[in-house]
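Single-structure report; data block below.
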Amino acid sequence: MQDREDALIGSRIAKLERLREKGIDPYPPRYRRSTDTASAIAEFEAWESKVSETDGEEVPAPQHSLAGRVVSMRVMGRAAFLDIRDGSGSVQAMFRQNVLGDQYELLRDLDLGDFIGVSGGMLRTRSGEVTIEAQQVTVLAKGMRPLPEKFHGLRDVEIRYRQRYLDLISDPEIMSAFTQRSKVINGIRRFLDDRGFLEVDTPILVPVAAGAHARPFDTHHNALDQRLYLRIATELYLKRLIVGGFDKVYELGRVFRNEGIDQDHNPEFSLLESYEAYADYNDVMDMVEAMISRVSQEVRGSMQIPYGEDIIDFTPPWKRVSFKEELHRRSGLDIDQHPDDASLVRAALERGVQIEAGARESRGRVLDKLLSAFVEPHLVQPTFILDYPEVMSPLAKAKPGMPGYVERFEAFAAGMEIANSYTELNDPAVQRERFEVQEHIRQAFQDEEVDRLDEDFLTALEYGMPPTGGLGIGIDRLVMLITGQSTIRDVLLFPQMRVRREERSDSDTE
RNA sequence: GGCCCGCUAGCUCAACUGGCAGAGCAACGGACUCUUAAUCCGUAGGUUCUCGGUUCGACCCCGAGGCGGGUCACCA
């Protein structure tokens, strides 16, 4: 409150009142601009080259009404230059007292950050900048708070995330990263639509949070008096649709996992899942390569993308290596030599993998840790890891001729997992057994992140699901790779932040 | 959650070993009709994140807390 007063007090309130006294509405309902600033400049430059060709013939310069935010002002007595920015770019506006007359006095009531409309003729100044000379100035929206400093911009990362609009105003590169994010998502949609996939929406509020290893957020529905969860995956609903007869479906939506926050985790994140009947994980691998390389080409104009110290090359085909063999090669550990859990834990400990004594360290978790420790850091260039142990993958179909393993791949790049895919398990009896194993592990190891049994899904499978290839892609991480951002916070417009204590309501505190 | 680092004017940053909290930009007043981070002269602006302690004296030292970042653990 105090802070708010301070920021508002001062000249801006006085200016606002002065405008009103002059009968000017500082927040008029609309303004008709003739075009945006980028188009106005392009049109003027086209006009210039036409004039030079026609050599002396009288062609009047274009007139325009342009609108935008005042981002800088250079006032020099009876003339002034203002930079006006809109979504397309910015243009310089020239104000001159002899042209504007009384309206020139408006300058005294303008601040950086205000939105104005300027109409007049386009010209090029002596110093060579395309400029609109104001014949009419309209206040469109008065800003009541000062913007971050124009030269250094906004460095305070906390403000950058809490007040992203200020970050967007001050940093064109951030705005560009978010524009690219939108293009990535749009490119994925077009890719899948072109291949005949149908985009669907499945429930976000679900009675069972199944389909992934993660702790869910829970909530309560009053009218039904029923506990509900926010979905942690879309997998089991999308497979119900395959059962229902759709051959190719996908959903690109938000999922929620009640877990830690760091450079590549946010509690809500965007997940693409797709399911294709009569396909297997080999087909899906081909599709992932094609999709990501195409999107990279579309958004960045290249399949080679600089990321940190590296250049990630998405050009297909990507390297394909088996889980078991790659782990063996990197760690010297052959997991098949350690069929019992105790022996595997010992072998992992011998190699320096940190494992808490007892709690939560099921075989699946130990295997995952081994992969993270020995293999993932080396997966800089796009790589598919194939054929995972069954205990890690309750929803994937067994690999023929390889007992204990399933047809699953994960794709990695820059050491990050970006995709996960199975030849989907469609035998309802086997699926039930797998779920029961998971339930057992969850209870035995007190591990809330282990997958849950979804009885309705099993019923669906019992009606028959065709052989199907499924896919999940973490969209935020993919956007990080394609836009070169090192933290997920810079590809999420509003990353999750802790509410400041004094702002919390009573219900927030435990 | 552990450890490390940060928090000073609206913004970007200074402030020696504990000794009067400063600068640039923004703001305000003035000069200036082709400027480009405009320039020049002047003015104002502070709960140094919060609370407590040590001290003649604390932005600085100590304790507790808040928020953020990094890192380790965990998850996609």
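Note that the structure is a prediction, hence the values are computed from the model and not measured. Below, chain A is the first sequence line, B the second, and so on; all start at residue 1.
Using a 4.0 Å heavy-atom criterion, one finds that A:Arg155 contacts the sugar-phosphate atoms exclusively. Within the nucleic acid shown, A:Arg489 comes within 4.0 Å of sugar-phosphate atoms alone, with no base atom in reach, counting heavy atoms only. Across all strands, A:Asn258 comes closer than 4.0 Å to no nucleic acid atom at all (heavy-atom distances). Backbone-only engagement by A:Leu154 is indicated by non-hydrogen atom pairs under 4.0 Å involving sugar-phosphate atoms exclusively. Within the nucleic acid shown, A:Glu410 has no heavy atom closer than 4.0 Å to any nucleic acid atom. Contacts of A:Asn98 with the nucleic acid, taken as non-hydrogen atoms under 4.0 Å apart, include base atoms. Counting non-hydrogen atoms under 4.0 angstrom, A:Asn420 reaches nothing in the nucleic acid. Among the atoms of the strands shown, only primed sugar atoms or phosphate atoms (P, OP1, OP2) are found under 4.0 Å from some heavy atom of A:Gly153. Using a 4.0 Å heavy-atom distance criterion, A:Phe95 is classed as making no nucleic acid contact. Within 4.0 Å of A:Met416, counting heavy atoms only, lies no atom of the nucleic acid at all. Within the 4.0 angstrom heavy-atom criterion, base atoms lie near A:Val75.
Among the nucleotides B:C28, B:G10, B:U35, the one closest to the side chain of A:Lys15 is B:C28. In this structure, of B:U35, B:A26, B:G69, it is B:G69 that holds the atom nearest to the side chain of A:Val157. Comparing B:C75, B:C11, B:G69 by their closest approach to the side chain of A:Asp262 singles out B:C75. Listed nucleotides B:U33, B:A37, B:G10 differ in distance to A:Arg96; the shortest reach to its side chain belongs to B:U33. Relative to the side chain of A:Lys369, the nucleotides B:C74, B:U35, B:A27 differ in distance, and B:C74 lies closest. Of the listed nucleotides (B:C67, B:C25, B:C75), B:C25 has the atom at the smallest distance from the side chain of A:Glu149. Of the candidates B:U35, B:C25, B:G68, B:C25 carries the atom nearest the A:Lys150 side chain, counting heavy atoms from C-beta on. Side-chain proximity of A:Pro146 to B:C67, B:A26, B:U35: nearest is B:A26. Checking B:C34, B:G68, B:G29 against the side-chain heavy atoms of A:Arg108 singles out B:G29 as nearest.
Nucleotide B:U54 is matched to nothing when pairs are restricted to Watson-Crick or G-U wobble geometry with both distances under 3.5 angstrom.
Below the 3.5 angstrom threshold, one finds no donor paired with an acceptor across the side chain of A:Gln97 and the base of B:U33. Side chain A:Arg78 to base B:U33: no donor-acceptor pair is found below 3.5 Å. A:His152 contributes no side-chain N or O that forms a donor-acceptor pair with the base of B:C11 under 3.5 Å. No hydrogens or angles were tested; on distance alone, a donor-acceptor pair under 3.5 Å links the side chain of A:Gln92 to the base of B:U35.
There is a side-chain donor-acceptor pair under 3.5 Å between A:Thr37 and A:Ser88. Between the side chains of A:Thr487 and A:Asp490, no donor-acceptor pair is found at a separation under 3.5 Å. A donor-acceptor contact closer than 3.5 angstrom links the side chains of A:Asp387 and A:Tyr281.
To the nearest whole angstrom, the two P atoms, one in B:C62 and one in B:C16, are 16 Å apart. A distance of about 14 Å separates the C1' atoms of B:A44 and B:G10, rounded to the whole Å.
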